[in-house]
Amino acid sequence: MEHNLKIYNSLSRQKETFEPLHEGHVGMYVCGPTVYSDVHLGNCRTFVSFDVIYRYLMYLGYKVRYVRNITDVGHLEGDTDSDAEDKISKKARLEQLEPMELVQRHTRSFHHILGILNTLSPSIEPTATGHIVEQIQMVQEILDNGYAYIKNGSVYFNTPKFIQDHGVYGKLSGKRVDDLLSETRDDLKNQDEKNDPSDFAIWIKADERHLMRWPSPWSVGFPGWHLECSAMSTKYLGKQFDIHGGGMDLQFPHHENEIAQNYGACGCMPVRYWMHGNMLLLNGRKMSKTPDPETGKSNSITPVELFSGENEIFSKAYSPMVVRFFMLQSHYRSTLDLTDDALLAAEKGFRRLMEANKVLQGMAYTGKGQEGPLGEELKKLIAQLFEEMNDDFNTPKALAVLFDLVTKANSLKDGRLPIDEVSAETFNLLKKTFREFLYDIFGLKDEMEAGAEGNGITEGLMQLIIDIRQQARANKDWGTSDKIRDALKELDIVLKDSKEGTSWVKG
RNA sequence: GGUCGGGUGGCCGAGUGGCUAGGCAGAGGUCUGCAAAACCUCGUACGGCGGUUCGAAUCCGCUCCCGACCUCCA
């Protein structure tokens, strides 16, 4: 495969040339949501980031198996003391729902939102509850290998032994083993059953109140915090696979423990490239549905609130594609601060980009076939698009190049740049690449077109109105001409006059 | 308290030693009946203090501020 894709590997803390385990194939696992409430926009950012990564890998020609789980067994809340309760059970109890009813509802809404954001479905989307057997098997394997112990029906991972034998624990998150073993934070109470504070549960015996429970060789209970991802990634991608992604906040303990479990079960490092997306901030703080203990408010906004404008944070509604474009304007490993000004700017930038694409796609080649300096420059910019993406999926830089091409396209259309200096081949490559970057790689779509789709009447009426205005203008009847323009503007329709005629755009 | 990351022009956001990032906003101009759109030009930004270097936003030290993680979180 002809490319030079480099990926920043959290494990090595540097960019590495991407070489898949099996030529031409990529196995990618991304930690999905816990479906005990609606996703917030921060969750969406991670999935959009990995959607672009998924799309680009496919664009490069890889056959990608993309696995993203649905966590429908809640993670424990608080410490694993006697009051421990599963988040999903708790929410279900509060809402008077059967747990699976709650799970189903939020799973559907999750899919709906990601659909609106135009993310592609993963190849496999396994649920934790659907893989209890596999998880029990993995617990058994870890026990068999001597990296876990049983206490009162629960099973705990023996972290000190794992560290002693393999020394990889803490490598991913950059934690020092000593720090982990001598935890200083006050609110982290040691849990009686554990032999060591750094041990963690992989199977938990359920108490009477617990709604979600399954029989196992050790107790009627439920799987531990991090086990599902280990079990399901192994099942669908193998003991070793190429890419594992997730949010930065999962690095520790979730991913660290995943490695421990996989290694403990199989004896090898499971993942070649660990990728972590950074957090979406709201008002300079991490977006999170967990309420602030002091204020009782959570710093988050749901996609629906943002798209509908029904919120107290932003001045207006922002469309899903504007939000997606906004996300692409920063690198996935950087934090991104959501603000009204930034969204406003993104909205205008997004429209400019899409309009330019329309202009470009509507152009036919009228040159003489010769390649000149301009053609060479265009080819260079096109190549640069791929160089930026190959550099750890640098979407903001690729977008900057795309905007350079926006100017070129608009200038070519207006005749400010000579089409005669561009060969037909280059011109068509420009059209094709531009289109494919927008739609196939960045996953953007033209919302204005989508709105008017299937409505030939609108198009016909608009043409009629434009013709009438043109007539008025020809007669220097500026009153009529301006009245038409102003009235349309009231309806959010903007007319754009140019030498070739008048076009219109909604919004 | 421990660990890690970051502070870039009005806003967002790239950029790891010399070469215009980009978007939005702003100023001027071209075009236009007027506008809009489009195109052209413009801002001499890199938290502070030192140091290394011919040269630093980029490396080193100190310092201030912010954020994340430390067993719920994408």
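A note on names: the letters A, B, ... follow the listed sequences, proteins ahead of strands, and every chain is numbered from 1. Below, all heavy atoms of this structure are taken into account, side chains as well, without hydrogens, waters or symmetry copies.
Contact check, Lys286(A) against C69(B): a side-chain N or O comes under 4.0 Å of OP1 or OP2. Ser411(A) has no side-chain polar atom (N or O) that falls below the 4.0 Å cut-off from OP1 or OP2 of C39(B). The phosphate of A38(B) (OP1 or OP2) has a side-chain N or O of Arg352(A) nearer than 4.0 angstrom. Distances shorter than 4.0 Å separate some side-chain N or O of Asn394(A) from OP1 or OP2 on G15(B). For A25(B), the OP1/OP2 oxygens have a side-chain nitrogen or oxygen of Lys348(A) closer than 4.0 Å.
Listed nucleotides: A68(B), A74(B), G23(B). Nearest to the side chain of Cys31(A): A74(B). Considering only side-chain atoms of Leu280(A), the nucleotide from C69(B), A74(B), A25(B) that sits closest is A74(B). Among the nucleotides A25(B), C39(B), C12(B), the one closest to any side-chain atom of Thr339(A) is C12(B). Side-chain proximity of Ala345(A) to the nucleotides G22(B), C24(B), A37(B) is greatest for C24(B). Side-chain proximity of Lys175(A) to the nucleotides C34(B), G2(B), C11(B) is greatest for G2(B). Listed candidates were A74(B), C24(B), A14(B). Nearest to the side chain of Lys397(A) is A14(B). Nearest nucleotide to the Thr46(A) side chain, out of G33(B), A74(B), G22(B): A74(B). When each of G33(B), C73(B), A14(B) is scored by its nearest atom to the side-chain atoms of Arg473(A), the top-ranked nucleotide is G33(B). For Asp341(A), counting side-chain heavy atoms from C-beta on, the closest listed nucleotide (A35(B), C11(B), G13(B)) is C11(B).
Heavy atoms of Ser49(A) sit nowhere under 4.0 angstrom from any nucleic acid atom. Gly32(A) comes within contact range of the sugar-phosphate backbone alone, with a heavy-atom separation under 4.0 Å but no base atom that close. Lys476(A) comes within 4.0 angstrom of nothing in the nucleic acid, heavy atoms only. At a threshold of 4.0 angstrom between heavy atoms, the contacts of Asp497(A) include nucleobase atoms, whether or not backbone atoms are also involved. Contacts of His331(A) with the nucleic acid, taken as non-hydrogen atoms under 4.0 Å apart, involve only primed sugar atoms and P, OP1 or OP2. Across all strands, Ala400(A) comes closer than 4.0 Å to base atoms (heavy-atom distances). Across all strands shown, Gly246(A) has heavy atoms under 4.0 Å from sugar-phosphate atoms exclusively, and none from any base.
The nucleotide U3(B) finds its pairing partner in A68(B), both defining distances of the Watson-Crick or G-U wobble pair being shorter than 3.5 Å. Nucleotide A21(B): unpaired (no Watson-Crick or G-U wobble partner with both distances less than 3.5 Å). Under the Watson-Crick or G-U wobble criterion, with both distances below 3.5 Å, U32(B) has no partner in any strand shown. The partner of C42(B) is G26(B), by the rule that a Watson-Crick or G-U pair needs both atom distances under 3.5 Å.
Using cut-offs of 30° and 60° for the angle between ring planes, the Phe442(A) and Phe437(A) rings count as perpendicular. Using bins of under 30°, 30° to 60° and over 60° for the plane-to-plane angle, the ring pair Tyr54(A)/Tyr66(A) lands in the tilted bin.
Remark: the separation of the P atoms in U16(B) and G26(B) is 31 Å, to the nearest Å. Comparing the C1' positions of G13(B) and G17(B) gives a spacing of 22 Å, expressed to the nearest Å. Across the C1' atoms, G18(B) and G6(B) are found 25 Å apart, a figure rounded to whole Å. Taking atom P on both nucleotides, G55(B) is separated from U30(B) by 45 Å, rounded to a whole Å. Atom name C1', nucleotides U63(B) and G23(B): the rounded distance is 34 Å, in whole Å. Comparing G22(B) with C34(B), their C1' atoms sit 32 Å apart, to the nearest whole Å. Taking atom P on both A38(B) and U58(B), the two are 36 Å apart, rounded to the nearest angstrom. Look at the P atom in both C65(B) and C59(B): the space between them is 22 Å, to the nearest Å.
Taking every heavy atom of both residues into account, His331(A) and Pro396(A) meet most closely at N-CG, 3.6 Å.
Whole-Å rounding puts the Lys496(A) NZ to C39(B) P distance at 10 Å. Atom-to-atom, CD1 of Ile70(A) to P of A74(B) comes out at 11 Å; the value is rounded to the nearest Å. In this structure, CG of Leu344(A) is placed 15 Å from P of C11(B), rounded to the nearest angstrom. Rounded to whole Å, atom P of C72(B) lies 11 Å from atom CG of Asn257(A). The separation between Leu353(A) atom CG and C12(B) atom P is 22 Å, rounded to whole Å. Atom CZ in Phe252(A) sits about 17 Å away from atom P in A74(B), given to the nearest Å. Rounded to whole angstrom, the span from the CG atom of Asp196(A) across to the P atom of C70(B) amounts to 18 Å.
Along RNA chain B, the nucleotide closest to Met248(A) and the one closest to Leu336(A) are compared, and the more 5′ of them pairs with Leu336(A).
A donor and an acceptor atom sit less than 3.5 Å apart, one in the side chain of Arg416(A) and one in the base of A38(B). In the interface, the side chain of Arg485(A) is paired with the base of A35(B) through a donor and an acceptor atom under 3.5 Å apart. Between the base of C73(B) and the side chain of Ser288(A) there is a donor-acceptor pair shorter than 3.5 Å. If you check distances only, the side chain of Asp482(A) does reach the base of G33(B) with a donor-acceptor pair under 3.5 Å. With hydrogens and angles ignored, a donor-acceptor pair closer than 3.5 Å exists between the side chain of Ser481(A) and the base of G33(B). Between the base of A37(B) and the side chain of Asn410(A) there is no donor-acceptor pair shorter than 3.5 Å.
A stacked arrangement is not assigned to Phe47(A) and the six-membered base ring of A74(B), the conditions of a centre distance below 5.5 Å and an interplanar angle below 30° not being jointly met.
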Carefully, step by step, assess Thr129(A) and Val103(A) under the rule side-chain contact (heavy atoms from CB on, under 4.5 Å). CA-CA 10 Å; Thr129(A) 53; Val103(A) 158; over 6 Å; no
Given Ser154(A) and Ile204(A), is the side-chain contact (heavy atoms from CB on, under 4.5 Å) satisfied, shown in steps? CA-CA 5 Å; Ser154(A) 292; Ile204(A) 301 151; 4.2 Å; yes
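At a cut-off of 3.5 Å, with distance as the only test, no side-chain donor of Thr339(A) or Asp337(A) sits close to an acceptor on the other residue.
Residues Tyr169(A) and Phe157(A) place their aromatic rings such that the two centres sit no closer than 6.0 Å.
With Glu347(A) as reference, Lys316(A) is the one residue of Arg324(A), Arg352(A), Lys316(A) to meet the salt bridge (charged side-chain N to carboxylate O under 4.0 Å, His left out) rule.
The CD1 atom of Ile441(A) sits 11.0 Å away from atom CG of Leu328(A), with the distance rounded to the nearest 0.5 Å.
Ion pairing between Lys408(A) and Asp404(A) fails under the 4.0 Å rule for side-chain N and carboxylate O.
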